[in-house]
Each structure stands twice: as C-alpha cells, then as structure tokens.
Amino acid sequence: MLTKGTPSGHDGLSSTEVLPQAFYDRSASAVAPELLGCMLVHETPDGVAAGRIVEVEAYLASNDAANHAHRGMTERNAVMFGPPGHAYVYLIYGMHYCLNAVCCAEGVPEAVLIRALEPVEGIEAMRRRRRRAELKDLTSGPAKLCQALGISGELNGAGLTAPPLGIVSGPRPTSITRTTRVGVSAAKDVLLRWCDAGSPFLSRPIRK
DNA sequence: GACCAGATTGTCT
DNA sequence: GACAATCTGGTCA
C-alpha cells in the first residue's frame with residue numbers, strides 16, 4: 001500500500017516515503033531531475049505495479065512552445081493549470097496514453113513527463129498488459145509504461161500523493177545526463193530531458 | 001541496428 | 001482538415 005509520511009515497512013513500497021505535494025510545488029525543471037531514481041507506484045485490482053523512474057522531460061510554462069498549455073487552457077490540458085502533485089494523463093496519436101506530474105503553483109501550467117521506468121514490482125501483470133515478455137519492452141517509453149502500469153485517461157487529474165497512484169522517493173542515480181527532448185517539433189533545442197545514464201531502460205539512446 | 005510507414009482518434013485551428 | 005510529448009512491424013544494409 002502507499003503510505004504517506006512515516007515509514008512502516010511491509011512490502012518494500014510502504015517502507016519509503018510518498019513524495020508530498022510540496023515536492024511538486026516548484027518549477028518542472030527543478031522537479032524533473034529529482035524524480036530520477038524515485039518509484040512510480042500504481043495500485044491496481046491486479047496488484048501493485050511499480051517501476052524506478054529512469055527518464056523524464058520537463059515542460060515549462062514560459063517560452064516553451066512544446067508545452068500543451070502553451071496556447072492557454074483547454075479542456076484537455078486543464079489539469080496542468082490545477083494544483084501541483086496531480087497526474088496529467090493525455091491521449092496521444094489517438095491510441096497511447098502519457099503520464100505527467102503537474103508541477104509549479106496552481107495556475108502555472110508546468111509538468112514533468114515520465115518517459116521511462118525500470119520495472120520493479122508487478123512484472124507479470126505488466127507482461128500481460130503489454131503482451132510482451134522482454135523486460136526492456138515493458139516500460140521503455142511514455143506510452144509503454146502507462147500500458148504496463150494500467151494507467152489510462154481515468155487517472156487524469158488523480159493525486160500523486162495518495163493511492164492508487166504515487167511516487168515514492170528513492171536513491172538518485174549515480175550518473176544523470178541532460179539532453180534535448182524526444183519527439184517534439186517545437187522548442188527542440190532546449191535541454192529539458194534527464195536520463196539515468198546507466199539505465200538500459202531508456203526510451204531512446206542518449207544523444208547530444 | 002537503422003530507417004520507414006502505418007495505425008488511429010482526440011484536439012485545435 | 002491537419003497535426004500530434006508514440007509504438008510496432010517490416011524492410012534493408
């Protein structure tokens with residue numbers, strides 16, 4: 001179970017702290033690198049699915065044409081304008097979901113896109129959802145990890161500080177690399193992607 | 001391994 | 001009507 005605050009130590013997940021809302025109450029560019037090494041946890045009817053975050057991207061409120069909220073609030077991106085510490089889940093290309101952690105103060109639309117995980121718990125359920133056996137194919141992409149963890153549009157706007165969804169703190173990777181973002185056509189030269197340089201679970205190889 | 005095209009649908013102009 | 005923060009399978013070197 002997800003336990004807020006003090007460690008209680010049962011299944012390994014509850015023995016670590018869920019990141020509080022205050023953690024997200026900063027710029028996405030400050031939050032993003034600190035999410036590396038943390039554990040994304042989703043409690044599903046199938047059991048707990050969890051993975052260590054190895055790749056993230058920041059989307060900023062100002063001077064970032066790649067941000068969905070760049071042109072103002074719409075029905076789709078409204079969650080980004082809400083309070084920090086919530087999940088912004090959107091559908092891309094008509095068939096894939098992507099998960100963001102909303103950051104910054106309410107009214108300032110910034111978010112961190114979770115791009116890749118290292119599978120840790122619930123791996124058999126992930127294999128069933130993904131219909132793939134290979135560990136590297138389970139969560140090495142923003143849409144892959146949503147499918148593997150059973151995250152869909154129903155969780156858009158859900159809190160990240162209480163079940164069924166949460167991120168718990170973990171050890172920082174020893175080597176972090178900062179690069180340009182993947183797949184964006186606007187503002188593509190800014191370095192707003194952070195990777196655990198030693199992880200084999202990245203969605204794309206590290207490039208300059 | 002690298003590259004390319006197709007799938008598929010909500011959102012925005 | 002065009003585009004999109006992607007994935008997958010097929011082809012080729």
Side-chain angles (χ1 to χ4, degrees), chain A residues 24 27-33 35-36 40 49 51 53-82 84 86-104 108-119 126-158 160 167 177-196 199-208:
Chain A
Y24 302 95
S27 170
S29 59
V31 172
L35 284 175
L36 292 178
L40 174 65
I53 298 171
V54 298
E55 182 181 341
V56 293
E57 284 179 1
Y59 288 84
L60 307 180
S62 56
N63 296 320
D64 187 1
N67 189 336
H68 282 176
H70 177 60
R71 289 193 184 86
M73 182 157 63
T74 65
E75 196 172 341
R76 175 166 80 147
N77 65 27
V79 171
M80 288 183 75
F81 289 82
H86 287 70
Y88 169 45
V89 182
Y90 66 90
L91 189 66
I92 183 74
Y93 296 107
M95 55 184 138
H96 302 300
Y97 287 104
C98 295
L99 170 68
N100 295 254
V102 175
C103 298
C104 226
V108 183
E110 298 203 354
V112 176
L113 171 67
I114 313 290
R115 285 197 57 90
L117 305 175
E118 174 184 342
M126 292 186 195
R127 287 190 166 120
R128 279 198 303 277
R129 294 191 194 100
R130 290 277 302 139
R131 291 182 225 173
R132 304 206 163 244
E134 188 66 39
L135 211 57
K136 273 177 76 169
D137 282 340
L138 296 180
T139 54
S140 58
K144 293 178 184 178
L145 71 88
C146 282
Q147 188 180 17
L149 270 66
I151 294 169
S152 70
E154 293 171 13
L155 286 171
N156 187 35
L160 289 172
I167 299 177
T177 301
R178 189 176 178 182
T179 74
T180 56
R181 292 175 293 188
V182 174
V184 299
S185 52
K188 54 187 171 193
D189 294 327
V190 289
L191 301 175
L192 288 174
R193 174 186 177 226
W194 288 264
C195 307
D196 175 351
S199 174
F201 297 96
L202 301 180
S203 66
R204 301 286 166 88
I206 292 170
R207 55 181 163 65
K208 235 352 200 21

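Lettering follows sequence order; numbering is per chain, from 1. Fair warning: this is a prediction, and the values are worked out from it, not measured in the lab.
At a threshold of 4.0 angstrom between heavy atoms, the contacts of A/Ala143 are confined to the sugar-phosphate backbone, with no base atom among them. Residue A/Leu91 is in sugar-phosphate contact alone, with no base atom involved, counting any heavy-atom pair closer than 4.0 Å across all strands shown. As judged by a 4.0 angstrom heavy-atom cut-off over every strand, A/Ser185 is placed among residues touching the sugar-phosphate backbone only.
The distance from atom CZ of A/Arg193 to atom C1' of C/dT6 is 14 Å, rounded to the nearest whole Å. Taking atom NZ of residue A/Lys136 and atom P of nucleotide B/dG1, one finds them 8 Å apart after rounding to whole Å. The nearest whole Å value for the distance from the CZ atom in A/Arg204 to the C1' atom in B/dA2 is 12 Å. The interatomic distance linking A/Arg76 (CZ) with C/dC3 (C1') rounds to 10 Å, in whole Å. In this structure, A/Asn77 atom CG and C/dA5 atom P are separated by 12 Å, rounded to whole Å. If you measure from atom CD1 of A/Ile92 to atom P of C/dC3, you get 14 Å, rounded to the nearest angstrom. When the P atom of B/dC12 is taken as reference, atom CE of A/Met73 falls 12 Å away, rounded to whole Å. Rounded to whole angstrom, the span from the CG atom of A/Leu202 across to the P atom of C/dC7 amounts to 13 Å.
Listed candidates were B/dT13, B/dT11, C/dA5. Nearest to the side chain of A/Arg71 is B/dT13.
Contact annotation: the side chain of A/Tyr88 approaches that of A/Asn156 to within less than 4.5 Å [non-hydrogen atoms, C-beta and beyond]. Two residues are said to be in side-chain contact when any heavy atoms from C-beta on lie closer than 4.5 Å; A/Phe201 and A/Leu117 fail this criterion. Counting heavy atoms from C-beta on, the side chains of A/Met126 and A/Leu149 come closer than 4.5 Å. At a threshold of 4.5 Å between non-hydrogen side-chain atoms, the residues A/Arg127 and A/Leu138 count as touching. Using a 4.5 Å heavy-atom cutoff, the side chains of A/Leu155 and A/Tyr97 are not in contact. The shortest distance between side-chain heavy atoms of A/Asn77 and A/Pro109 does not fall below 4.5 Å.
One finds a side-chain N or O of A/Arg115 lying less than 4.0 angstrom from the OP1 or OP2 phosphate oxygen of C/dT6.
Looking at A/Gln147 and A/Arg129, their side chains never bring a donor and an acceptor atom within 3.5 Å of each other.
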Seminar exercise, completed: With sugar-phosphate taken as primed atoms, P, OP1 and OP2 and all else as base, the protein-contact string of nucleotides 8-13 of chain C at under 4.0 Å (heavy atoms; B, S, -) is SS----
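In this structure, the side chain of A/Asp64 does not engage the main chain of A/His70 through any donor-acceptor pair within 3.5 Å. A distance-only check finds no donor-acceptor pair linking the side chain of A/Arg115 to the backbone of A/Glu55 [under 3.5 Å].
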Distances for protein N/O vs nucleotides 3-7 of chain B N/O pairs under 3.5 angstrom?
none

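Across all strands shown, B/dT8 forms no Watson-Crick or G-U wobble pair with both distances under 3.5 Å.
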